[in-house]
> 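Take this structure first; my questions come after.
Read the numbers this way: they start at 1 and go in the same order the structure lists the ligands and their atoms. Sequence positions, counted from 1, serve as the residue numbers for this chain.
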Amino acid sequence: MPGLPVTERLVIAIDGPSGSGKSSTSRGVADRLGLAYLDTGAMYRAATWLVLHHGLTDPDVVASRVAAAAMDFVTDPSAPTISIDGTDVTEAIRAPEVSRAVSSVATNLAVRQDLVARQQAIVAAAEHGIVVEGRDITTVVAPDADVRVLLVADPAARVARRQAELGDRVDHAAVTDQVIRRDRDDSTVAAFTEAAPGVTVVDSTELSLEQVIDVICGLVPEHSGA
Ligand code: DC
């Protein structure tokens, strides 16, 4: 039937480095298409919050404590939240100490295995479909997604965006560290700097948020002519 989606459930996978505009873009796409939204980075951040909260350092202890933790999400793109072991950490996971420590948890392979399985379960349970953002979504979490995008932007633009988000709370050197050093560390375990076969690269450097959302919605066959 013309005008009706070909796929009943639409899965959109969006990878990219810090400051590429992934979160705002993914939420905007989910909102426009009426899909759920999952920020997998928030899961790594919540695990890191737990690890810092309990003062854990040993990688095996970290992995087993994270595996035992309950994580709950609200996947509404207009108000996403995340809780771990019953504590809502939506705000707390954005603290600088979590940003500084998150790569060490995200590079723990046992933690990754656990969180990837949880992410795949959330994708499978999304009734009408979902937009999932992260670093390994197009390659590991949802390689069969209907739309697969690698969102990139020049390093200077990414640092400037993160600085604008964080404001004067964090100085320029710390923001540069968060964006550039973290990507270098993270890229040792997730290949998000180059597009895998079949993944569309979208460069957001010169585009507004609305333009990036338009481009990605245009990749959905049913919406390309809308
Ligand atoms: O996107 P973000 O800055 O909130 O991500 C937080 C951290 O988690 C970052 O260090 C990258 C890592 N991450 C990952 O390794 N794999 C994902 N799918 C998502 C995030």
Side-chain angles (χ1 to χ4, degrees), residues 11-30 37-52 59 62-63 66 71 73 75 77 80-82 84 89-123 130-143 145 148-153 155 157-159 161-166 170 174-196 199 204:
V11 177
I12 300 183
I14 302 181
D15 285 329
S18 321
S20 56
K22 254 189 343 264
S23 293
S24 318
T25 303
S26 301
R27 287 174 65 172
V29 170
Y37 161 71
L38 179 65
D39 173 4
T40 61
M43 297 174 72
Y44 289 97
R45 286 172 176 273
T48 305
W49 178 89
L50 190 76
V51 165
L52 295 175
V62 164
V66 171
M71 280 194 195
F73 309 87
T75 57
T81 63
I82 181 164
I84 189 157
V89 292
T90 310
E91 300 290 329
I93 60 171
R94 304 295 159 190
E97 54 270 29
V98 173
S99 296
R100 271 195 301 274
V102 68
S103 289
S104 72
V105 175
T107 51
N108 180 318
L109 296 182
V111 170
R112 293 197 77 79
Q113 202 176 16
D114 169 29
L115 295 192
V116 166
R118 296 185 198 222
Q119 291 154 14
Q120 289 174 330
I122 294 166
V123 173
I130 191 163
V131 180
V132 192
E133 60 144 306
R135 303 290 194 287
D136 58 350
I137 312 306
T138 62
T139 51
V140 177
V141 175
R148 294 155 75 218
V149 170
L150 178 65
L151 193 59
V152 299
R158 298 195 284 113
V159 171
R161 279 182 196 157
R162 240 327 121 86
Q163 181 83 64
E165 267 167 37
L166 296 168
V170 185
V175 177
T176 304
D177 173 74
Q178 274 191 32
V179 172
I180 308 296
R181 192 262 316 157
R182 203 143 59 80
D183 283 345
R184 195 179 54 230
D185 292 354
D186 294 336
S187 65
T188 60
V189 288
F192 61 85
T193 49
E194 278 180 28
V199 174
S204 71

> Looking at Asp39 and Arg94, is there a salt bridge between them, counting it only when a charged N and a carboxylate O are closer than 4.0 Å?
yes
> For Arg45, which part has a heavy atom under 4.0 Å from ligand 1: side chain, backbone, both, or neither?
side chain
> Which atoms of ligand 1 sit under 4.0 Å from any heavy atom of Gly134?
18 (N), 19 (C)
> Taking atom OG1 of Thr40 and atom CG of Leu115, what is their separation to the nearest 0.5 Å?
9.0 Å
> Please name the pair of heavy atoms, one in Ala92 and one in Val98, separated by the smallest distance, quoted to 0.1 Å.
O-CG2, 3.8 Å
> Do side-chain atoms of Asp15 reach the backbone of Asp136 as a donor and acceptor pair under 3.5 angstrom?
yes
> For Thr40 and ligand 1, does the shortest N/O to N/O distance drop below 3.5 Å?
yes
> Using a strict 4.0 Å cut-off to heavy atoms of Ser103, name the atoms of ligand 1 that fall inside it.
10 (O)
> Only heavy atoms of Ala106, strictly under 4.0 Å: list the atoms of ligand 1 that pass.
12 (C), 15 (O)
> Looking only at heavy atoms, is any part of Glu133 under 4.0 Å from ligand 1, and if so is it the side chain, the backbone, or both, or is it neither?
neither
> So between Arg162, Met43, Arg135, whose heavy atom ends up nearest atom 13 (N) of ligand 1?
Arg135
> Which heavy atom of Arg161 sits nearest to which heavy atom of Gly21, and what is that distance?
NH1-N, 3.9 Å
> Can you see which heavy atom on Arg181 is nearest to which on Arg100, and at what distance?
NH2-O, 3.8 Å
> Closer than 4.0 Å to some heavy atom of Lys22 - which atoms of ligand 1 meet that?
1 (O)
> Please report whether ligand 1 has a polar contact with Arg112, defined as an N or O pair separated by less than 3.5 Å (distance criterion only).
yes
> Does ligand 1 have any atom sitting under 4.0 Å from a heavy atom of Arg100?
no
> Nearest 0.5 Å, what's the CD1-CE distance between Ile84 and Met71?
4.0 Å
> Are any of the N/O atoms in Asp136 less than 3.5 Å from those in ligand 1?
yes
> What closest approach, in Å, do Pro80 and Thr90 show between heavy atoms, and which atom pair accounts for it?
O-CG2, 3.7 Å
> Using a strict 4.0 Å cut-off to heavy atoms of Arg94, name the atoms of ligand 1 that fall inside it.
4 (O)
